[in-house]
Asker: 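Got a structure here, written out as structure tokens. Questions coming.
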Amino acid sequence: VLPRTMAALGAYRCIECNGEATELYRDYQRGVLRISICKSCQKPVDKYIEYDPVIILINAVLCKAQAYRHILFNTKINIHGKLCVFCLLCEAYLRWLQLQDSSQNTDPDDLIRYAKEWDFYRMFGIASLEQTSFFIGIFITLWWMTPEILKRKSDFILLLKALLLSTYGKLLLIPAVIWEHDYTPLCLAFIKVFVLISNSQAIRVTLNLNRIIPWFAIFFGLIFENGVVCLFQKMGWDV
């Protein structure tokens, strides 16, 4: 019986050497599967296709490049938009709680304002503005430092998808707030650092770069983000 390819037609990536592959595995029918071997490094193209999703998630949390390549190149995950909105909602909720806790005014009008949640929507807008500025700073830096890499529109889209997916660490903001304790500010700082590390790994894996250039992009992205916020504050916006 001739083997038939179960993966969809198209280029995949070897999670070990980042080389291209035409298939992940073949099905010889009757439950007999054979993982494809990379022609470059002679290792399985993607060992994670046999792993439980929980194991893959743990490896992604550990920021392993192989897990990132599996998720970005060898799966059809299309939740980056929804994940981005949910992460922004988590960040907006945290800022809204901090704003509410810092306010000692018990005026009825103030309570009505919180009841209408206008401040929450404002915090969501600020969080969206900051993240957009951060991403724009990253794209400008990468385009300036490695113009030969970001040539096509598909390269920008893939990098944007990788950055959006790598912000999943912001989901930890909610349990950090729910289980409030004396170390909450420290936990929030660790979450911020973890998100930045995930962003750096996503850039490195997507563009196949060394470790230095992604961190330069992250650094200038933070500078651009803070610069945009300061600009709006000087214009009189309550950011």
Side-chain angles (χ1 to χ4, degrees), residues 1-29 31-81 83 135 138-169 194-218 221:
V1 179
L2 294 176
R4 59 189 179 90
T5 302
M6 292 297 294
L9 295 178
Y12 298 98
R13 296 288 182 87
C14 173
I15 64 172
E16 300 294 340
C17 68
N18 202 39
E20 291 189 357
T22 57
E23 60 186 10
L24 299 179
Y25 63 90
R26 288 196 175 190
D27 182 5
Y28 288 84
Q29 299 182 356
V32 179
L33 300 177
R34 181 178 180 274
I35 298 179
S36 301
I37 302 298
C38 178
K39 297 180 180 179
S40 300
C41 64
Q42 300 302 315
K43 294 181 180 180
V45 172
D46 192 344
K47 62 183 179 181
Y48 284 115
I49 60 177
E50 294 184 314
Y51 285 27
D52 188 87
V54 176
I55 303 297
I56 299 174
L57 178 60
I58 292 175
N59 281 264
V61 171
L62 295 175
C63 291
K64 290 189 175 182
Q66 293 89 342
Y68 274 70
R69 291 191 184 103
H70 167 77
I71 295 172
L72 294 175
F73 299 121
N74 299 338
T75 60
K76 295 183 178 180
I77 295 180
N78 195 28
I79 62 170
H80 49 281
L83 179 63
F135 285 169
I138 289 177
F139 278 106
I140 292 176
T141 305
L142 291 174
W143 181 79
W144 173 64
M145 297 184 68
T146 57
E148 70 280 357
I149 293 181
L150 296 175
K151 291 182 178 180
R152 299 172 297 179
K153 181 180 178 181
S154 59
D155 298 329
F156 284 93
I157 295 177
L158 180 61
L159 180 57
L160 178 60
K161 177 182 177 181
L163 287 171
L164 292 176
L165 289 175
S166 63
T167 59
Y168 68 91
F194 174 74
V195 172
L196 294 178
I197 293 175
S198 299
N199 293 152
S200 174
Q201 189 72 313
I203 296 172
R204 175 175 170 245
V205 168
T206 304
L207 303 181
N208 197 25
L209 300 172
N210 56 36
R211 298 179 184 273
I212 299 177
I213 295 179
W215 277 112
F216 266 114
I218 295 293

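Residue numbers count from 1 along this sequence.
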Asker: Under 6.0 Å from the CG atom of L62, do we count more than 12 heavy atoms belonging to anything else shown?
Answerer: yes
Asker: Indicate yes or no for a side-chain donor-acceptor contact from N74 to the backbone of R13 under 3.5 Å, with no hydrogens or angles considered.
Answerer: yes
Asker: Calculate, to the nearest 0.5 Å, the distance between atoms NE2 and CD1 belonging to H80 and I157 respectively.
Answerer: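 Reported to 0.5 Å precision, the distance equals 9.0 Å.
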Asker: Rounded to the nearest 0.5 Å, what separation is found between the CD atom of E16 and the CD atom of Q42?
Answerer: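 The CD atom of Q42 is 12.5 Å from CD of E16, to the nearest 0.5 Å.
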Asker: I77 versus L72: any side-chain heavy-atom pair under 4.5 Å?
Answerer: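 When only atoms from C-beta onward are counted, L72 and I77 do not touch, as no gap falls below 4.5 Å.
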Asker: Does the side chain of V195 come within less than 4.5 Å of N199's, by heavy atoms?
Answerer: yes
Asker: Once you round to the nearest 0.5 Å, how far does CG of D46 lie from CZ of F73?
Answerer: 11.5 Å
Asker: Can you pull the side-chain hydrogen bond (donor to acceptor under 3.5 Å, both in side chains) pairs that have at least one residue in residues 139-149, sequence neighbours excluded?
Answerer: none
Asker: Can you confirm whether the side chains of Q66 and R69 place a donor and an acceptor under 3.5 Å from each other?
Answerer: no
Asker: Using every non-hydrogen atom in the two residues, find where C17 and C38 come nearest and quote the distance to one decimal.
Answerer: SG-SG, 3.5 Å
Asker: Using a 3.5 Å distance criterion without hydrogens, assess whether the side chain of S200 forms a donor-acceptor pair with backbone atoms of I197.
Answerer: no
Asker: Closest heavy-atom contact between S198 and Y168?
Answerer: OG-OH, 4.1 Å
Asker: Would you call the rings of Y48 and H70 parallel, tilted or perpendicular, taking 30° and 60° as the class edges?
Answerer: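 Aromatic pair Y48/H70 classed tilted.
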Asker: Does some side-chain heavy atom of C14 sit less than 4.5 Å from a side-chain heavy atom of S40?
Answerer: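 No, too far: nothing below the 4.5 Å cut-off.
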Asker: Can you find a heavy atom in the side chain of F194 that is under 4.5 Å from one in the side chain of C63?
Answerer: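 F194 vs C63: side chains touch.
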Asker: Please step through side chain to side chain contact (heavy atoms under 4.5 Å, CB included) for the pair W215 and I203, ending with a clear verdict.
Answerer: CA-CA 9 Å; W215 277 112; I203 296 172; over 6 Å; no
Asker: Looking only at heavy atoms, which two atoms of R204 and A65 are closest? And how far apart?
Answerer: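 Result for this residue pair: NH1-CB, 4.2 Å.
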Asker: Are L209 and F216 close enough that some pair of their side-chain heavy atoms sits under 4.5 Å apart?
Answerer: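 In short, these two side chains do not touch, never coming nearer than 4.5 Å.
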Asker: With a 4.5 Å cut-off on side-chain heavy atoms, are L164 and L83 touching?
Answerer: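 Answer no - side chains too far apart.
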Asker: Would you check, one step at a time, whether the test side chain to side chain contact (heavy atoms under 4.5 Å, CB included) holds for Y68 with T206?
Answerer: CA-CA 9 Å; Y68 274 70; T206 304; over 6 Å; no
Asker: Which residues pass the side chain to side chain donor-acceptor pair (under 3.5 Å) test with K161, not counting sequence neighbours?
Answerer: none
Asker: Using side chain to side chain contact (heavy atoms under 4.5 Å, CB included), reason through L142 and L159 one step at a time and then give a plain yes or no.
Answerer: CA-CA 11 Å; L142 291 174; L159 180 57; 3.5 Å; yes
Asker: Per the side chain to side chain contact (heavy atoms under 4.5 Å, CB included) rule, which among I15, I35, T75, I49 passes with L24?
Answerer: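 Checked I15, I35, T75, I49 against L24; only one passes side chain to side chain contact (heavy atoms under 4.5 Å, CB included): I49.
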Asker: Considering only heavy atoms from C-beta outward, does the side chain of I71 approach that of I56 to under 4.5 Å?
Answerer: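 Touching, per the 4.5 Å side-chain cut-off.
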Asker: Who passes ring pair (Phe, Tyr, Trp, His ring centres under 6.0 Å) against F139, sequence neighbours left out?
Answerer: F156
Asker: Can you find a pair of side-chain heavy atoms, one from V45 and one from Y25, that are under 4.5 Å apart?
Answerer: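 No. Closest side-chain heavy atoms not under 4.5 Å.
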Asker: How many angstroms lie between atom CG of L196 and atom OG1 of T167, to the nearest 0.5 angstrom?
Answerer: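 It comes to 11.0 Å.
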